Every structure is written in C-alpha cells, then in structure tokens.
Amino acid sequence: MKSFSLNSRKIESLLYLLIWLIVISVPFLFDRGVDGKDWNKILLDLLHLIPFLFVFLINVYILVPKLLFLKKYKSYILYLAIVIFIGVGISFIPTLYNTSPQKTMAHEESKLRPEFNKPPQVIFIDNIIILVLIVGAGTSSKLITKWLSEEKLRKDIEKEQLKTNLALLRHQVSPHFFMNTLNNIHALIDINTEDAKDAIIRLSTLMRYLLYDSAQSEINLKKEIEFIHSFIELMKLRFSNKVEISITLPDKIPDIRIPPMLFITFLENAFKHGISYQTKSFVSFELSIQEEVLNCVITNSKHNGIKPKFDEYAGIGLENIKKSLKLLYDDDYDLVISDKENEFVVNLTIKI
C-alpha cells in the first residue's frame with residue numbers, strides 16, 4: 001500500500017503540473033501582437049495568475065481534504081467562494097491600475113492588452129470564471145486520485161479477505177477429509193491390498209498439495225488436475241457402486257498457472273448434496289481447454305427436490321465465491337449455475 005500511495009501522489013502532482021502548464025501557456029498562445037510577442041504584456045498576464053495559483057493550492061491542499069472529503073459541503077462552498085473572491089480581487093488590482101486614463105494614454109502606441117478597454121466589472125467576472133475553471137480542474141484531479149487510492153485499498157482488503165477464506169477452506173478440508181479417507185483405507189486393506197496401496201499414494205499426493213502447494217498464490221494446472229483426480233478417486237472409496245462418479249480431463253495439459261483449489265468448493269459441494277444412498281446418484285467432473293479458454297463443468301444428481309447450498313461450506317457462500325472470482329479474473333470469467341429438475345450443474349469458464 002505504501003508504494004501505491006507514493007504513486008498516487010505522483011499522479012496527483014503530474015495532474016496539477018499539467019493543469020498549470022496549460023494555464024501558463026495561454027498568455028503565449030493568445031498574444032496577438034503584430035510585431036512579435038509583447039513580453040511585457042505576457043509578463044503582466046503571468047503576474048495576474050499568481051493569486052490564482054494561491055487559490056488553487058489552498059483549495060486542493062486545505063479546503064478539499066478538510067471540508068469536501070469530510071462531507072462538509074456547505075462550509076466548503078462558503079470558504080471556497082470567499083477564497084475565490086479574495087484571489088480575484090487581488091489579481092484585479094493591477095488591472096485597475098493599468099486601466100487608468102493616464103496609463104492608457106501612455107501605452108496607446110504599445111498596443112496594450114485589448115481587455116483593458118473592457119469595463120472593470122466585465123474583467124472581474126471574466127477572472128471569476130477563469131479561476132472557477134482552474135479550481136474545478138484541481139478539485140477533479142484531487143477526487144480522481146482519492147478514488148484511485150480508495151479503489152486500490154478496497155481491492156487489497158478484499159484480497160486479504162479472500163486469502164482468509166481460502167485458508168479457512170484448507171483447514172476445513174484437510175482434517176475432515178483426511179480422517180474419512182484413512183478410515184476407508186483401513187477397511188480396504190483386508191479387502192484389496194493393491195487398491196489400498198494406490199489409495200495411500202493418492203492420499204499422500206492430495207495432502208502434500210493441501211499442506212504445501214495450496215499456500216502459493218498460483219500453481220501449475222497439472223498439479224491442480226492431479227489434486228482433483230486424487231480427490232475424486234479417494235471419494236470413490238466412500239460410496240457403493242450405486243453412485244456413478246466420472247471424471248473427464250484433457251489429453252494435453254498446457255503449461256499455465258491458476259489459483260490453487262479453484263474447483264474444490266464446487267466439487268465437494270456436489271459430493272455433499274448430490275449423493276443419496278437410497279436412489280441412484282451421480283457426480284461428474286469435466287475439464288476442457290480450447291483456444292485459451294478453460295471450461296469446467298461439475299454436475300451432480302438431485303434428490304427430493306433438494307437444492308445444494310453453497311453457504312453451508314466452511315462459511316464461504318456463493319456470493320463470496322463470485323467475489324473471489326471477480327478479484328482473480330476481473331471480467332475474464334463466466335460462472336453459470338443451472339438448477340434443473342434432476343440435476344445441478346456448475347459451469348465455470350475462464351480465459352487463460
């Protein structure tokens with residue numbers, strides 16, 4: 001956050017510099033002298049801008065932070081109006097001096113500023129309009145940089161919350177799943193020793209992933225697929241042949257990185273709510289990759305009209321999952337959840 005704060009101040013300073021480069025360039029661009037630039041006139045124009053600069057600085061460094069940002073709108077408008085009139089009044093003094101009849105006659109051959117021929121009240125109104133525009137540009141710049149800072153801070157907070165949620169998810173998955181799988185392997189040893197050995201290897205792969213690899217911000221897709229495959233194979237130990245469990249994976253896995261445990265919430269939710277020991281049940285996991293698009297479809301059976309609930313899993317609700325995906329992928333993802341009559345389908349598409 002510190003590094004961004006510095007960047008934010010630099011952006012703010014650059015905007016202020018740009019505003020005043022434009023303001024200062026006006027006397028040079030609009031000098032209408034036929035015999036070349038009238039440097040005395042240009043210098044006089046620049047001197048007129050000094051009170052405007054002080055009003056600009058007072059607004060962006062005092063009035064905006066201490067009044068506008070604190071939502072003291074009436075006080076801000078009142079004090080800003082006072083400061084503007086004072087600034088215009090100070091800048092108007094040299095104009096009155098130069099518009100006296102003596103000065104006008106003395107400089108008639110030098111082609112003095114055409115606006116000196118304007119009535120004083122017109123010059124006064126013109127200066128107010130110019131100063132309001134300058135102050136408005138400064139206030140807008142201040143609001144933009146404040147919004148950028150707050151937006152970055154909000155995203156940082158949400159990312160920290162996401163990390164907390166993922167950490168909670170890992171701690172919920174590890175012990176619960178570990179103990180159930182050990183019990184299944186224990187029962188399998190006397191029935192099929194080879195299957196028990198294979199289950200131990202898969203459990204080792206899965207636990208290594210949960211305890212070490214999942215702590216990273218990103219992980220290779222191949223490791224994520226190995227984790228999912230081990231998870232599903234171990235889940236098969238818990239259910240009878242009445243439960244149809246299928247997994248479809250791409251033949252060729254590209255070398256890309258994704259956030260760890262991206263699919264586990266949906267997958268475990270499918271096993272939790274899609275299995276019934278009384279009727280035929282199924283859980284299907286299908287992962288495909290085509291033209292830099294990763295598509296994951298998780299389907300599970302429904303029983304007695306029961307709708308799977310995401311808000312029961314480790315305190316991480318469906319809305320939090322959507323927020324997490326938004327933070328991770330911005331608009332490069334699409335999540336479609338279909339609640340059909342006999343099945344529940346989660347379709348997650350991500351641009352990679």
Side-chain angles (χ1 to χ4, degrees), residues 1-8 10-12 14-15 140-141 143-170 213-225 227-228 248-250 252-270 284-300 307-311 313-340 343-352:
M1 185 62 200
K2 185 176 180 181
S3 61
F4 180 82
S5 178
L6 293 173
N7 291 334
S8 178
K10 288 180 180 178
I11 293 173
E12 183 178 332
L14 287 174
L15 288 174
S140 300
S141 301
L143 291 171
I144 289 172
T145 53
K146 182 176 185 291
W147 178 83
L148 289 173
S149 299
E150 291 181 345
E151 184 69 10
K152 181 62 167 60
L153 178 61
R154 182 189 66 81
K155 288 189 176 182
D156 287 342
I157 292 174
E158 290 184 350
K159 285 182 179 179
E160 288 301 318
Q161 183 63 42
L162 173 59
K163 291 179 182 178
T164 302
N165 287 344
L166 289 177
L168 174 62
L169 177 60
R170 289 163 190 152
D213 295 332
S214 64
Q216 304 176 40
S217 59
E218 288 185 335
I219 195 166
N220 192 281
L221 177 60
K222 184 177 180 180
K223 281 193 173 183
E224 180 75 11
I225 290 177
F227 166 69
I228 293 296
T248 304
L249 300 172
K252 186 177 181 180
I253 302 173
D255 186 17
I256 60 174
R257 299 181 68 82
I258 63 171
M261 303 185 72
L262 188 60
F263 314 111
I264 188 62
T265 302
F266 300 112
L267 185 57
E268 190 166 82
N269 195 78
S284 170
F285 180 90
E286 181 179 353
L287 188 68
S288 61
I289 302 172
Q290 293 181 349
E291 298 180 355
E292 297 184 349
V293 174
L294 186 150
N295 180 245
C296 177
V297 180
I298 301 174
T299 309
N300 63 267
K307 180 179 179 179
K309 297 180 180 180
F310 285 91
D311 56 355
Y313 190 83
I316 302 178
L318 181 58
E319 288 304 315
N320 282 339
I321 293 173
K322 290 180 178 179
K323 288 180 181 179
S324 300
L325 288 168
K326 177 69 175 177
L327 282 171
L328 292 168
Y329 293 104
D330 196 17
D331 294 325
D332 292 333
Y333 86 97
D334 185 35
L335 177 63
V336 178
I337 298 177
S338 304
D339 185 13
K340 301 180 181 180
E343 64 181 21
F344 192 80
V345 183
V346 175
N347 192 327
L348 176 61
T349 304
I350 300 171
K351 294 180 182 178
I352 54 177

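From a predicted model like this one, the values you see are computed outputs, not experimental measurements.
To the nearest 0.5 Å, atom CG of residue N300 and atom CG of residue N269 are 7.5 Å apart. Here the CG atom belonging to D334 is positioned 14.0 Å from the OH atom belonging to Y329, to the nearest 0.5 angstrom. Summarising the geometry, atom CD1 belonging to I253 is positioned 13.0 Å from atom NZ belonging to K223; distances are rounded to the nearest 0.5 Å. The structure places CG of N295 at 7.5 Å from CG of L348, a figure rounded to the nearest 0.5 Å.
Applying the side-chain hydrogen bond (donor to acceptor under 3.5 Å, both in side chains) criterion to K146, with sequence neighbours excluded, gives E150. In this structure D332 satisfies the side-chain hydrogen bond (donor to acceptor under 3.5 Å, both in side chains) test with no other residue, sequence neighbours excluded.
No donor-acceptor pair under 3.5 Å is formed between the side chain of E224 and the backbone N or O of I258.
Nearest heavy atom pair, residue R257 against residue N220, reads NH1-N, 3.9 Å. Across L267 and I298, no two heavy atoms sit closer than the pair N-CD1, 3.8 Å.
Side chains of L262 and I350 form a contact here, defined as non-hydrogen atoms less than 4.5 Å apart. The shortest side-chain heavy-atom distance between F227 and I219 does not fall under the 4.5 Å cut-off. In this structure, the side chains of I228 and L287 stay at 4.5 Å or more apart for every pair of heavy atoms. You'll find the side chain of I337 reaches within 4.5 Å of the side chain of F344, heavy atoms only.
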Walk me through whether L221 and L294 qualify under side-chain contact (heavy atoms from CB on, under 4.5 Å).
CA-CA 10 Å; L221 177 60; L294 186 150; 4.0 Å; yes
